[in-house]
Q: 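This structure is in structure tokens; I'll ask about it shortly.
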Amino acid sequence: MMAHNNIGSKRLVVGAHYGLRDWIAQRLTAVIMACYTIILFFCFFFTKEFSYEEWAGIFARQWMKLATFVAFLALFYHAWVGIRDIWMDYIKPVGFRLALHALTIVWFVGCAGYAVQILWRV
């Protein structure tokens, strides 16, 4: 007879419990990016003349700037979850892993700031 059965509903679960939340977040961000891509294709295919002025005109609308920024945020979060998991799985020294996490966050925040600068400059 086993005194410490760690199988079934009475098993001891430890850890950060990121799995389901991050899985759902990646699916949600993927849906956001897919919807944005469909919107972009419609804008592209229903443009009379494809020139810089037409392309800039598409992104001059406030709703398109907002949709593009939301798509970028979804992309950054989607990538963050994936890259964070790679760092956690394959980089064992804690200090180096934390440094990579910090650099990745700084990179994504910088990219988001650059996206804002580009989108609201048009």
Side-chain angles (χ1 to χ4, degrees):
M1 181 159 97
M2 293 179 72
H4 299 288
N5 188 356
N6 198 19
I7 299 172
S9 63
K10 295 187 181 203
R11 73 183 176 142
L12 179 62
V13 179
V14 295
H17 306 290
Y18 291 121
L20 181 62
R21 184 188 71 197
D22 289 339
W23 184 85
I24 291 171
Q26 279 204 310
R27 283 8 178 223
L28 179 65
T29 55
V31 167
I32 291 169
M33 291 184 289
C35 290
Y36 177 75
T37 302
I38 291 168
I39 291 169
L40 202 57
F41 277 139
F42 274 110
C43 291
F44 177 75
F45 286 121
F46 291 113
T47 301
K48 297 173 186 98
E49 285 183 41
F50 195 72
S51 63
Y52 173 77
E53 290 77 21
E54 287 288 328
W55 189 250
I58 291 171
F59 290 97
R61 299 181 194 114
Q62 196 66 27
W63 71 267
M64 189 61 173
K65 289 179 184 182
L66 184 62
T68 302
F69 187 64
V70 168
F72 273 125
L73 290 179
L75 173 67
F76 297 145
Y77 190 72
H78 189 92
W80 162 249
V81 170
I83 291 173
R84 188 204 63 213
D85 287 349
I86 290 170
W87 295 155
M88 287 179 9
D89 288 346
Y90 296 107
I91 307 298
K92 297 305 176 192
V94 175
F96 187 52
R97 185 172 58 226
L98 289 176
L100 287 173
H101 282 175
L103 290 172
T104 304
I105 290 169
V106 168
W107 176 259
F108 284 143
V109 169
C111 288
Y114 191 53
V116 167
Q117 192 177 27
I118 290 171
L119 286 170
W120 274 271
R121 190 181 330 160
V122 173

Q: Verify whether the ring centers belonging to F44 and F50 lie closer than 6.0 Å.
A: yes
Q: Can you name the closest pair of heavy atoms from Q26 and H78 and give their distance?
A: NE2-O, 2.9 Å
Q: So does F41 have more than 12 non-hydrogen atoms from other groups sitting under 6.0 Å from CZ?
A: no
Q: Could you state whether F42 and Y36 fall into the same hydrophobic cluster, counting links through intermediate Ile, Leu, Val, Met, Phe, Trp or Tyr residues with side-chain heavy atoms under 4.5 angstrom apart?
A: no
Q: Mind checking whether F76 and W80 have ring centres under 6.0 Å apart?
A: no
Q: For side-chain contact (heavy atoms from CB on, under 4.5 Å), just list the numbers for F69 and K65, CA-CA rounded to whole Å, side-chain angles, deciding distance to a tenth of an Å, and then say yes or no.
A: CA-CA 6 Å; F69 187 64; K65 289 179 184 182; over 6 Å; no
Q: Run the numbers on I39 and W63 for side-chain contact (heavy atoms from CB on, under 4.5 Å), then give the verdict.
A: CA-CA 11 Å; I39 291 169; W63 71 267; 4.0 Å; yes
Q: Is there a path of hydrophobic side-chain contacts, each under 4.5 Å between heavy atoms of I, L, V, M, F, W or Y residues, that connects Y77 with M33?
A: yes
Q: Count I, L, V, M, F, W, Y as connected when their side-chain heavy atoms are under 4.5 Å apart, and connections chain through other members. Are L28 and V81 then in the same cluster?
A: no
Q: If you count heavy atoms of other groups shown closer than 6.0 angstrom to CH2 of W107, is the number above 12?
A: no
Q: For the CG atom of L119 and the CD atom of Q62, what is their distance to the nearest 0.5 Å?
A: 10.0 Å
Q: Under 3.5 Å, sequence neighbours excluded: what are the donor-acceptor pairs made by side chains of residues 90-100?
A:
unit_1 : atom_1 : unit_2 : atom_2 : d
K92    : NZ     : D89    : O      : 3.0
R97    : NH1    : I91    : O      : 2.9

Q: How many angstroms lie between atom CZ of R84 and atom CD1 of I105, to the nearest 0.5 angstrom?
A: 9.5 Å
Q: Taking a hydrophobic cluster as the set of Ile, Leu, Val, Met, Phe, Trp and Tyr residues connected by side-chain heavy atoms closer than 4.5 Å, whether directly or through intermediates, do I83 and V109 fall within one such cluster?
A: yes
Q: Taking atom CG of L73 and atom CZ of F108, what is their separation to the nearest 0.5 Å?
A: 12.0 Å
Q: For the CD1 atom of I86 and the OG1 atom of T104, what is their distance to the nearest 0.5 Å?
A: 9.5 Å
Q: When rounded to the nearest 0.5 angstrom, what is the spacing between CD1 in I32 and CZ in F72?
A: 14.0 Å
Q: Decide whether M64 and F45 are clustered together by the hydrophobic rule: side chain heavy atoms of Ile, Leu, Val, Met, Phe, Trp, Tyr closer than 4.5 Å, transitively.
A: yes
Q: Atom CG in D22, atom CZ in R27: separation rounded to 0.5 Å?
A: 10.5 Å
